[in-house]
Amino acid sequence: MARQFVIQREEHQAVPSGSVDFSGELNPRQLEAATWGAGPVLVVAGAGTGKTRTLVYRVAWLIDTGVLPEHIVLLTFTRRAATQMLTRASGLLDGRCSRVRGGTFHAFCLTILKKYASKIGYPSNFTVLDAADSADVIDILRARYTSKADGKRFPKKRTLQQMVSSMRNRGLALADVLESTWPQFVEFEERLGKMFDEYASYKQAQGLMDYDDLLVLTLKLFQSQPQVLREVASMCRHVLVDEYQDTNRAQALLVRALSSVHGNVMVVGDDAQSIYRFRGADLGNILSFRDEFAAAAEIKLEHNYRSTQSILDLANEVLTSAHRRLDKQLFTERSKGDRPALVPAPDDRFESRFVSQMILQFREQGVPLNQMAVLFRNGQSSYDLEVELNRRNVPFVKYGGLKLSEAAHIKDILAHLKVLENPRDAVAWNRVLQLLEGIGPKTSGRIIEWISKAGDTPFQIDNGAFSAAYVDSLMRLFQVLRGIHGSTMTPADQIETLSEYYAPIMRNVYSEDYPKREPDLDHLTGIAARFSDRAAMLDSLALDPIELSAINVEELENDEPPLVLSTIHSAKGLEFKVVFLIQALDGVLPSAYSVGSTEALDEELRLLYVAVTRAEDHLFITYPMIQFRRYEGQYFAKPSRFLVDVPESILEPCTLVESGSPAPDVLEERSKESSSMIESSESGSAAGEMLPPLDGLPF
DNA sequence: ACAAGCAGTTTTTTT
DNA sequence: AACTGCTTGT
């Protein structure tokens with residue numbers, strides 16, 4: 001008989017030794033969640049109910065009761081969210097939580113895979129592909145699977161990439177995915193199936209992993225190597241998951257796996273804020289958590305501390321038409337506040353002028369810029385406003401939309417680093433080689449084949465083997481690569497060296513707009529200075545691309561904290577005193593892509609809900625009445641279908657008039673530069689009140 | 001055979 | 001601003 005050891009049960013009931021006053025800082029429900037003992041628990045936390053606060057105190061409680069920080073895993077949706085929470089927890093605990101493991105599912109899986117890569121047939125220096133890289137890989141294969149006869153009907157690389165992705169993170173068969181989302185491509189099923197199989201083996205052969213691989217291969221590792229699972233899961237004494245409503249099937253399985261030894265898992269989420277269905281998020285995960293984790297308890301947080309009653313009224317109204325939801329009713333003890341305003345503007349320019357003018361007014365009333373946000377459905381919706389804000393010297397940061405590391409010229413530089421890191425990475429080689437004059441897809445393919453045969457000395461070149469048209473530039477490339485390969489340069493120095501080599505190429509390739517791109521190379525060098533390890537830098541940039549305009553913020557460090565512009569998706573979890581939701585148009589929110597399906601429309605509705613619930617004190621929803629489209633010219637736009645039926649008692653309809661013009665004529669007055677004002681339409685435009693009434697607000 | 005240049009189309013949201 | 005397909009040039 002084997003000897004039996006008994007481990008002392010953790011003492012959860014003990015009064016925490018530290019100085020944190022848990023019951024004073026949290027309401028009874030929050031306290032119950034933060035001090036939860038053992039076993040699975042679902043925390044349903046409505047918008048603004050102190051979800052982050054609860055998680056922060058949860059971490060503090062665990063550590064205070066003696067759990068080692070490195071035995072806590074805090075999985076969040078973005079890295080920003082993780083750092084924010086750990087910083088706050090660290091404030092409560094005098095820094096005692098620095099060793100809590102946390103981050104996104106993808107980043108957490110990456111650390112596991114780096115350690116155990118060889119067990120699933122991968123080298124440990126594998127490269128992480130972002131969505132665009134992965135589409136490039138697929139495109140290489142696509143050429144082999146298409147013929148002239150297919151014409152335009154065969155799916156584009158981006159679509160193909162989305163197909164693979166949705167198969168894998170939902171765990172569905174190709175046939176199902178095609179039938180539900182791309183019925184027009186059902187005829188290609190057999191070819192697509194083969195192509196996707198080849199995609200998988202191609203990645204393995206080259207040491208490449210896409211985002212979905214990080215999750216799926218971790219699961220596969222756990223399945224095929226039970227001792228690895230046991231090893232990893234025993235280090236996860238407490239698993240905390242934020243934004244559980246936005247996890248996909250693979251992530252739910254990971255949560256189950258990670259908690260399989262200790263069984264202590266707390267998931268926090270709000271079904272009404274699930275907005276990542278397009279990425280495979282499965283609302284079913286949160287709705288059926290209590291079935292999947294036997295005996296799971298449920299705690300509901302319904303006391304909203306963020307918004308005024310008027311804003312919550314609109315939020316609740318919006319939600320009444322949603323289909324699937326958990327029962328929950330938000331309430332607040334805050335005062336009624338102003339009704340949210342619906343402001344139609346004659347056109348984009350007026351909308352931008354109105355928003356910037358209001359922002360300046362609020363600032364004069366003492367609201368700091370960084371307590372205000374402008375939200376929109378699409379990244380490009382804010383271009384006009386950005387111009388206007390620049391003109392008025394209003395500093396802003398933009399979240400969502402284009403990322404620095406997704407810009408073509410940055411990807412070029414990064415491709416050189418990837419080649420140095422993993423010389424088997426053919427996608428990176430393709431990019432690097434095709435920058436050279438005289439080298440296109442075919443030649444680049446041939447050179448890559450030659451390189452792969454060269455074996456251990458990847459950056460040596462035999463100049464006799466190549467055509468005179470491009471040997472010289474090829475030699476120069478290899479010389480630069482060898483120079484870096486054989487040195488001990490820091491990542492920043494490597495980028496500096498590469499930039500010097502790349503600058504003339506950039507002038508050639510992007511001859512029209514290279515001056516705009518040039519400063520970005522310096523930015524990149526600056527970012528690289530934070531890293532001492534090239535591989536870590538590449539992984540980090542792949543998993544957490546840098547927001548393009550976030551760079552400008554660092555330069556302004558000592559100036560006024562900037563206004564926030566953000567896509568609704570990127571604003572998840574944030575709150576602001578004043579919120580403007582712009583471009584609230586039918587076809588934008590809801591997106592034109594979603595009108596075909598109830599499920600998709602529901603998600604757009606929740607998106608509106610998320611936008612509305614970001615606001616604490618004031619909410620303005622605006623849209624232009626006239627839009628421009630490239631081939632259709634000007635046409636009359638409709639406001640979002642979610643807003644037209646909202647009673648006026650909840651959403652106040654307003655009109656915008658140009659000062660000095662009694663009857664504003666939309667088309668003729670557009671170019672005037674005088675300041676506009678807003679009036680409430682129901683009180684009659686002649687005696688219209690100035691909005692907003694800025695006096696006596698609870699700032 | 002292959003690269004480069006041109007013209008026309010198309011753009012959701014993100015790890 | 002990027003992607004695709006077509007045409008021209010080497």
Side-chain angles (χ1 to χ4, degrees), chain A residues 75-82 103-110 128-132 134-136 139 142-143 146 148 151-152 154 156-159 161-162 165 169 209-215 243 246-248 250-251 274-281 375-381 383 399-403 405-409 411 433-434 436-446 467-470 508-513 516-517 539-545 547 566-572 583 587-595 600 603-604 606-607 610-611 629-631:
Chain A
L75 294 168
T76 56
F77 203 69
T78 60
R79 192 177 297 191
R80 206 160 90 211
T104 61
F105 276 91
H106 291 87
F108 186 72
C109 287
L110 179 63
V128 179
L129 303 172
D130 67 18
S134 138
D136 284 342
D139 207 37
R142 184 179 184 270
T146 45
K148 282 253 161 57
K152 292 185 170 180
F154 200 80
K156 303 272 180 287
K157 65 175 181 182
R158 203 61 221 213
T159 314
Q161 190 258 322
Q162 284 169 20
S165 186
N169 55 34
M209 283 193 201
D210 62 22
Y211 287 146
D212 304 318
D213 287 326
L214 294 175
L215 307 179
E243 309 282 11
D246 281 320
T247 52
N248 60 34
Q251 289 166 323
S274 165
I275 53 175
Y276 282 90
R277 204 182 73 103
F278 68 94
R279 213 176 82 182
L375 306 182
F376 31 85
R377 174 66 173 87
N378 303 332
Q380 76 277 16
S381 297
Y383 288 163
Y399 295 106
L402 257 184
K403 306 287 196 297
S405 42
E406 282 162 4
H409 52 295
K411 298 207 82 163
L433 292 170
Q434 288 186 39
L436 305 178
E437 197 119 326
I439 299 182
K442 294 284 172 181
T443 313
S444 133
R446 251 185 274 122
S467 146
Y470 51 80
N508 182 30
V509 178
Y510 307 101
S511 48
E512 298 107 53
D513 62 350
K516 267 192 246 163
R517 296 172 186 259
D539 290 339
S540 171
L541 287 179
L543 289 179
D544 191 24
E547 306 279 349
S566 175
T567 57
I568 301 174
H569 284 91
S570 300
K572 189 157 97 159
Q583 299 279 310
V588 176
L589 179 66
S591 144
Y593 291 79
S594 67
V595 292
E603 171 136 322
E604 300 285 316
R606 293 192 295 264
L607 208 44
V610 169
R629 254 186 220 167
R630 203 165 296 197
Y631 301 103

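Side-chain atoms of A:Ala131 lie closest to B:dT15 of the nucleotides B:dT15, B:dT13, B:dA3. Checked against B:dT15, C:dA2, C:dT4, the side chain of A:Lys156 finds its nearest nucleotide in C:dT4. Across B:dT14, C:dA2, B:dC2, the shortest atom-to-atom separation from the side chain of A:Thr443 is found for B:dC2. Nearest nucleotide to the side chain of A:Lys157, out of C:dT4, B:dA3, B:dT13: C:dT4. Residue A:Lys516 has its side chain nearest to C:dA1 when only C:dA1, B:dT11, B:dA3 are considered. Nearest nucleotide to the A:Arg517 side chain, out of B:dT11, B:dT14, C:dA2: C:dA2.
A distance of 12.5 Å separates CG of A:Leu75 from CD of A:Glu243, quoted to the nearest 0.5 Å.
Heavy atoms of A:Ile439 sit under 4.0 angstrom from primed sugar atoms or phosphate atoms, though from no base atom. Nucleic acid contact for A:Ser570: sugar-phosphate only, since backbone atoms but no base atoms lie under 4.0 Å from a heavy atom of the residue. Using a 4.0 Å heavy-atom criterion, one finds that A:Arg80 contacts no nucleic acid atom at all. Across all strands shown, A:Glu603 has no heavy atoms under 4.0 Å from either base or sugar-phosphate atoms. A:Phe77 comes within 4.0 angstrom of sugar-phosphate atoms only, judged by non-hydrogen atoms across all strands, and of no base. Looking at heavy-atom distances under 4.0 Å, A:Arg446 makes contact with sugar-phosphate atoms alone, never a base.
Rounded to whole angstrom, the span from the CZ atom of A:Arg158 across to the P atom of C:dC3 amounts to 9 Å. The distance from atom CZ of A:Arg142 to atom P of C:dC3 is 13 Å, rounded to the nearest whole Å. A:Glu406 has its CD atom 12 Å from the P atom of C:dA2, to the nearest Å. Per the geometry, NE2 belonging to A:His409 stands 12 Å off P belonging to C:dA1, to the nearest Å. Remark: C1' of C:dC3 and CD of A:Gln434 are 14 Å apart, rounded to the nearest angstrom. Per the geometry, CD belonging to A:Glu437 stands 6 Å off P belonging to B:dA4, to the nearest Å. A straight line from CG of A:Leu436 to P of B:dA4 spans 10 Å, rounded to a whole angstrom. Spacing between atom NZ of A:Lys411 and atom C1' of C:dA1 amounts to 15 Å, rounded to whole angstrom units.
Figure legend: A:Arg279 and A:Tyr211 shown without cation-pi pairing, the cationic atom not lying both under 6.0 angstrom from the six-membered ring centre and within 45 degrees of its axis.
A centroid separation of less than 6.0 Å is found between the aromatic rings of A:Phe77 and A:Tyr276.
A:Glu437 and A:Tyr470 make their closest contact through O-CB, 3.7 Å (heavy atoms, listed as atom of the first residue, atom of the second, distance).
Residue side chain A:Phe278 meets the stacking definition with respect to B:dT13: its ring centre sits within less than 5.5 angstrom of the base's six-membered ring centre, and the planes differ by less than 30 degrees.
In this structure, A:Thr78 does not reach the B:dT14 phosphate: none of its side-chain N or O atoms is under 4.0 Å from OP1 or OP2.
Applying the side chain to side chain donor-acceptor pair (under 3.5 Å) rule to A:Asp213 yields the partners A:Arg168, A:Lys203; only residues at least two apart in sequence or on another chain are considered.
If you find the closest nucleotide of DNA chain B to A:Asn378 and to A:Pro441, the one lying nearer the 5' end belongs to A:Pro441. Between A:Tyr211 and A:Tyr593, the residue anchored closer to the 5' end of DNA chain B is A:Tyr593, taking for each the nucleotide with the nearest heavy atom.
There is a side-chain donor-acceptor pair under 3.5 Å between A:Ser570 and A:Thr567.
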